[in-house]
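Scroll down for the structure; my scribbles are underneath it.
Note on naming: letters A, B, ... go to the chains in the order of the sequence lines (proteins, then strands), and numbering restarts at 1 for each one. Just the heavy atoms: all of them, side chains too, but no hydrogens, waters or symmetry mates, feed the values below.
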Amino acid sequence: MGYNFKEIEKKWQDKWYQEGTFNAKNDFTMKKWFGLIEFPYPSGQGLHVGHPRSYTALDIIARKRRMQGYNVLFPIGFDAFGLPAENYAIKNHIHPKITTEKNINHFREQLKSIGFSFDWSREINTTDPEYYKWTQWIFIQLYKHGLAYKATMPINFCTGCKVGLANEEVVNGVCERCGSPVVQKEKSQWMLRITKYAQRLIDDLDDVDFLDKIKAQQKNWIGRSEGAEVTFKIADSDETLTVYTTRPDTLFGATYMVVAPEHHIIEKLSDKITNMDEIEEYKHQASLKSDFERSELNKEKTGCEIKGIKAINPLTNKEIPIWISDYVLITYGTGSIMAVPGHDTRDHEFAKKFNLPIVQVIKPADETIKCDVDKEAFTDVETGVLINSGFLNDLSVVEAKKKVINYLEDNHIGKKQVNYKLRDWVFSRQRYWGEPIPMVYCEKCGWVPIPEEELPLKLPEVEDYEPSENGESPLARHEEWVNTICPHCGGKARRETDTMPQWAGSSWYYLRYMDAHNDKALASKEALEYWSPVDWYNGGMEHTTLHLLYSRFWHKFLYDIGVVPTKEPYQKRTSHGMILGSNGEKMSKSKGNVVNPDDIVSEFGADSFRVYEMFMGPFDQTAPWSMESIRGCSKFLDRVWNLQSLLVDGEEYSPKFEKAMHRAIKKVSSDIEEMKFNTAVSTFMTLVNDFYKEKSINKAEFKTFLQLLNPFAPHMTEELWQTVLGGTEMLAYMKWPTYDEAKTIADEITLPIQFNGKLKATITISLDEDEESVKEKVHQAVEDKLENKMIVKEIYVKNKIYNIVVK
RNA sequence: GCCGAUGUGGCGGAAUUGGUAGACGCACUGGACUCAAAAUCCAGCGGGAAACCAUGUGGGUUCGAGUCCCACCAUCGGUACCA
């Protein structure tokens, strides 16, 4: 009797989704578990085989939690604003709303065909005004608390299409679509002050259970550094230059300074500068370069001395030259540096090229280590000792830092300073398909948020989605929408025409799931209290520094204003590996190695697809797709189905399988918790092989087996449970099997015997057998091999191994 | 360049975290069933005749190393001069 997966999977999916079998319960007295996967962007290509890897993993955990008695919230939704829908609309003149709806319907069907236990009653869509009403509401709160502000920031502007471009649309300095050069264009944009939360975003990582590599990546991205600000006087002038340095200890070795081309000191002192033409030319050249070019093409250092002005090193009191160079960035620190070529590799490279003086101020503590700062910068902080540094001489780097900072503070020429690499979040997009920013500009009152009771501010339905030639959003052309009245004074005002970035909707979506249809608040207090925080969030490593950090920032803000009850949104964060094409390369249309999940489901069924996705390799590592391997998983499930032909009566595990059953429960239970799904599947396979070998499985064994396998292959196991074992309740809600530790331990052990660590023989002993008796057996077993050998030592590790050191 | 992963049969990968390397699956080989094929079932499957040799390479620690330490090589991913 063959297994008709098409019919049976459909049958169970219809039942689950019509009856809402897996919907979270509104009983707030139960213990809860909230599992979250990153909601997909509903692209026109449909679901990728990578999506189900993460979804199946958390579905397995969610299904196990239900069996463990938890009230489980495992929701799904769609992150539907974004560039591809808008670009598609521009090309084909179909409103993004229409394509988005079509794509979501397709995704929903695909997801249902794989049998995920999502709570579909809470489905959300970031483009739904009832959803983005609250995205806009959060923005207004940010504005009211001074965390949203306007600033002039450069955008990528395509000189061909006359539109602003996202970084990913700029390839090698030209527009991805038309190939025209991309220039930087200044534009006033909304910014979010994430930097205010930098320290807390680092500190609170201590309280959450994120993978270490995720924590490390977030910390590195935020990039806290400790150092000092030092003020240098400009000779014959009242002006000063302030620098940030992590190495104030090397101040005696600062032989010149470098400022960013955009630095204001150039304008301020332009009357003193004697080579203004040369400088203007360098500035011009630098401004032509995009950030991309500055870094990619500029391996060789460039620069230009600012003639006519000199700075004074505050410790040596010597005059030192000031240069401009684009390796100094206006966006980090103070936009100017003190250069210590003896102890910084970039400064060294620059000094060598332009023949600037190099002074050694640190030497290795260990005299035997050679060090020639004329050839190479000496950068070892750990073991360095100060020289040529006046009052700092003979101190270690650490001591010198402390002492010099005290000196700087006492003499008011500097202070201790903490810096972060993290920058504020540019929140404006000159795009149509995003949440309108709910602000109006009034000549009299300035920027005013629209009243909260007027939310949502709906995106107007327009016909043309191309951005304007001046780089404004398409909305700017719609005067009837733009012109409005000031909520504050009632006078004439204009709406903000930029929209929010795609990150906005995904920064708080997990909160909406807790109470998805609330029209009074983003979620009720009770629901937030009960469901917060997300217990387990799985997603891709690529979202570690943007999405994950942005949503932690928003959450912390909402915590500060009393909206949410926890400091952190996610208690646990794990990540999955990418699925590559069968040739080991990233799946892409152009490489022709894309696998369509629909084809897999219709050829092998959802259960086989799920089992294969879990079996293909370690969950957190990339794995190539293999059609042969999925056939193996499908074969395994056929063997499970056919176990019914071996079924015998029995209410207890039979003696021959008792140990195996207890071990399997233990192994599968812990493997699921540790996301070692591949070895859990191999445990199932081994067990099935054993049943076939013995040509028997009793009802008790079959029941436990089906329960363990249910989270992986929910359709087939539910069917077998109800039709073969006569189950009346859903297997999905039966209590998760338990095991007895004592029954997992073997009472006989195969003991390996080694000579010098190399296996020579094995013997069978009983568990915890007395050492004398083991020794006797060992010697009996290897008697002949011991001839002509001298025993130096014997090591017995109880129940593990017996090693004889021989000569 | 820097940071982070990873490196084990023909292939995907196991290995109780320092204790029998190669579980499980794929591919392959042989057998059974069949008129035949597919499917299914059973058996074999790192190399070597053997002693032995084998976990990217070279050292080290240890009674014992895929696992720990040092140096290097390769592949993949992230990032771009962060003072």
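Under the 30°/60° scheme for interplanar angles, the aromatic rings of A:F705 and A:F691 are found to stand perpendicular.
Close to B:G77, at under 4.0 Å from its OP1 or OP2, lies no side-chain N or O of A:K213. Side-chain nitrogen and oxygen atoms of A:Y692 include none within less than 4.0 Å of the OP1 or OP2 phosphate oxygen of B:C41.
In this entry the distance linking CG of A:N642 with P of B:A39 reads 15 Å, nearest Å. The CG-C1' distance, from A:L580 to B:G12, rounds to 12 Å in whole Å. Across the protein-nucleic acid pair, A:E542 atom CD and B:U79 atom P stand 10 Å apart, rounded to whole Å. Across the protein-nucleic acid pair, A:F350 atom CZ and B:C81 atom P stand 15 Å apart, rounded to whole Å. The distance from atom CG of A:N220 to atom P of B:C2 is 15 Å, rounded to the nearest whole Å. Nucleotide B:U75 holds its P atom 18 Å from the CD atom of A:Q621, rounded to whole Å.
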Next on the checklist: Each nucleotide in nucleotides 17-27 of chain B should get exactly one letter: B, S or -. Can you fill that in based on protein heavy atoms under 4.0 Å?
Outcome noted: --BB--BBSS-
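In this structure, B:G9 is classed as syn because its glycosidic torsion stays within 90° of zero. B:U17 adopts a syn glycosidic conformation, its chi angle falling within 90° of 0.
Here A:K586 lies out of heavy-atom contact (under 4.0 Å) with every strand.
Set against B:C63, B:G13, B:C53, the side chain of A:P618 has B:G13 as its closest nucleotide.
In summary, A:E38 and A:R53 do not engage in a salt bridge, as defined by a charged side-chain N under 4.0 Å from a carboxylate O. Between A:E226 and A:K401 there is no salt bridge, since no side-chain N of the basic residue sits under 4.0 Å from a carboxylate O of the acidic one.
Of all heavy-atom pairs spanning A:I214 and A:S575, the tightest one is CD1-CB, 4.5 Å.
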